[in-house]
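A quick write-up on the structure given underneath.
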Amino acid sequence: MPPAISTGFLQLDRITGCAGVPQGGLTLLSGPSTSGKSTLAFKLLAHAQHPRGAAALLDLRHTADPDYLYRCGIDLERLLVVRPRRADESAALLLDVIQSQRIRCVVVNGLLELTAERRLERLFHSALPTLRQVARKAGCAVVILAEPTLRWHRWLNLDNAAIERQHAALHIDLQREDWLYRNQELVGYQARAQVVKSLWRRGSQTTTIAIEFNGVVRARDSW
Amino acid sequence: MGILHCSTPDFLATLAQRNLPAPSGRPFALVGEGELIWAVSPLAQIYGIVPDMPARQAQARCRDLLIYPLDLAESEAQQQAFLAELGRWELPIEPCGWGAGWIDLHSLSTQRDGVRSEEVQKLAADLGGRMRTRLGADLTPRLGWDSSKFVSRVAAHAAHTGAMRLVGKAEESYFLPPQPIALLPLPESALQQLAWLGIGTLGQYAALPAAGVWQRWGKAGRMAQDWARGKDNRPVVSSLLAAPEKIVVELDPPTERVGRVVADAMQVLSPVLARLAQDLRGVRCMDMRCGFITGPDYTQKITFVEAASDAARVQAALAQQLGKIIWHDEMERLELQIVETGELSARQLTLFAPDHGSEMQLATEVAAEVAEELSVRYGHVVALGQVIEPLHPAHDCIWKWQPL
């Protein structure tokens with residue numbers, strides 16, 4: 001079992017098979033908007049920084065909010081936020097960040113921007129084997145956030161994430177289930193996390209995680 | 001011998017555990033105002049999580065930590081019930097934090113030529129039984145008895161749950177020396193320095209030269225040394241001040257900026273806190289009253305999880321409370337009234353390096369180096385974050401694009 005970075009959710013760590021997200025491997029986090037994949041990724045970055053590590057966020061959507069990242073527990077002074085000016089330099093930037101061998105975890109937000117055009121898609125897919133090799137050598141966890149793929153997209157060969165899923169050592173799919181209320185006040189939401197693929201576990205496993213808003217982003221086991 | 005110390009360890013955590021779902025065997029902490037830890041479960045204490053720590057820092061130390069909100073009203077109600085049981089004999093009592101307090105038995109000794117240990121044991125059994133009945137079996141107290149407050153507290157610490165430890169004057173000479181020095185309410189920096197000097201017990205601290213202790217740690221350090229030697233003449237007094245100290249800050253000209261109000265208030269409050277710290281005491285509860293140019297005054301009670309004498313801690317609490325209220329006009333006056341004080345709590349040495357250690361600095365430099373290398377190659381595409389005024393409730397987080 002490789003060294004891993006905790007997701008911050010004990011139940012989720014248990015079902016990944018490697019006690020979290022593997023260092024030196026590719027992890028795919030898929031889910032629709034507001035499913036919690038960004039929050040989960042940010043909590044991963046916070047755990048990657050503990051106790052003394054640096055992390056990076058490839059912010060292709062230019063939506064990284066420093067206040068929310070801070071509230072997720074990230075030390076902003078040890079977080080690199082990278083926003084490529086041109087889409088075709090994203091893959092090269094990502095490789096350079098990992099090759100520095102000083103970054104413990106990189107989150108790529110999101111896969112849709114990385115493969116927006118056919119040309120960019122081919123570029124990134126051709127860089128994937130090198131990416132895996134470099135990440136393995138550097139011991140860096142690479143986490144890619146992706147939109148979910150509908151079944152009919154796969155039937156019609158319109159699945160953009162098929163190759164990434166093949167290369168990923170771990171694939172977690174998130175679906176928001178319910179909003180959480182306390183005294184009629186919205187305090188967070190509950191999401192279903194399914195480990196679709198794991199190199200260290202057979203079959204697919206599901207668990208529920210609860211994320212609370214306001215102030216510190218708190219992880220709760222579901223009961 | 002005339003002072004009985006009664007303490008219920010992990011009072012708040014045990015109360016909270018009653019309302020939690022089926023125990024998951026995971027460490028948990030209770031978070032109160034300002035996202036600070038108020039209480040920690042015994043399992044979480046192993047990770048070095050202590051009260052008054054920011055919740056972020058606690059989560060970074062323990063990945064499995066569960067965080068629950070503190071029900072302050074329920075906790076205060078149970079604390080009042082605890083104090084009511086302590087005061088059932090109509091003797092002077094002094095609270096010492098959540099679920100702990102002293103009872104002065106000297107009035108019994110003057111009547112009966114010294115309280116005998118058999119009588120105190122009967123009193124202790126009665127007190128323990130009443131506590132178990134009123135508060136529940138999970139809040140069974142530990143009792144300690146001696147002629148001074150500090151030694152009775154140490155004796156209670158050494159006792160098992162549901163038991164009492166009696167220490168006499170003759171026993172103090174061999175009971176106190178082996179006890180850990182972390183039982184003294186010294187600041188963490190002083191405990192660190194003592195740890196580096198190889199001083200870990202009360203006996204070793206008591207053996208230090210008095211002049212050196214005074215020079216290094218001032219009056220507070222000397223007072224703590226006297227306690228370590230068994231010389232503690234403090235009487236048991238109610239922590240509620242008979243004449244609460246009132247501090248009035250006139251804001252001229254009136255202002256609507258929280259920063260200025262806090263700065264002016266701390267100018268007046270800092271000497272008071274320093275004076276309390278010299279006596280190893282701190283503020284436990286404070287009333288705040290804000291006077292605006294127009295409209296009604298706003299009052300708020302500020303409660304600290306432990307007695308606070310650190311100016312930064314009090315400043316953060318003030319800033320947080322002032323940031324929460326709705327300012328319908330400029331503020332022209334701020335009144336602060338210290339209602340309750342208490343003995344500073346004994347800080348434990350934490351097990352892990354603090355967040356501002358050299359290793360964190362190294363990681364920050366690493367991030368800056370990587371950012372510089374990438375920016376040389378790709379231009380202004382890399383940013384590092386910065387938090388401006390992290391203690392302020394409305395702190396600002398910004399990106400700093402490299403190169404600057």
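The shown structure was predicted, so the numbers you read here are calculated from the model rather than taken from an experiment. We name chains A, B, ... by the order of the sequence lines, and we start the count at 1 in each one.
Heavy atoms closer than 4.5 Å to chain B are found in both the backbone and the side chain of A/S6. Heavy atoms closer than 4.5 Å to chain B are found nowhere in A/A56, neither backbone nor side chain. Heavy-atom distances place the side chain of A/L69, and not its backbone, under 4.5 Å from chain B. In this structure, chain B has no heavy atom under 4.5 Å from any part of A/A55.
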Counting only pairs under 3.5 Å, give me each side-chain donor-acceptor contact of residues 128-138 of chain A, with atom names and distances, residues two or more places apart or in other chains.
residue : atom : partner : partner atom : Å
A/R132  : NH1  : A/H167  : ND1          : 3.3

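Residue pairs meeting the side-chain hydrogen bond (donor to acceptor under 3.5 Å, both in side chains) criterion with at least one partner in residues 81-92 of chain A, sequence neighbours excluded, are A/D59-A/R83, A/R86-A/D88.
For the residue pair A/H47/A/T7, the side-chain donor-acceptor check at 3.5 Å is not satisfied.
Proximity of A/L170 to A/V195: side-chain heavy atoms (C-beta onward) are separated by under 4.5 Å at one or more points.
The side-chain contact (heavy atoms from CB on, under 4.5 Å) with A/L58 is formed by just one residue from the set A/V142, A/V108, A/V107, A/V81; it is A/V108.
Each of A/L80, A/D13, A/I103, A/V97 has some count of heavy-atom pairs under 4.5 Å with chain B, and the biggest count is that of A/L80.
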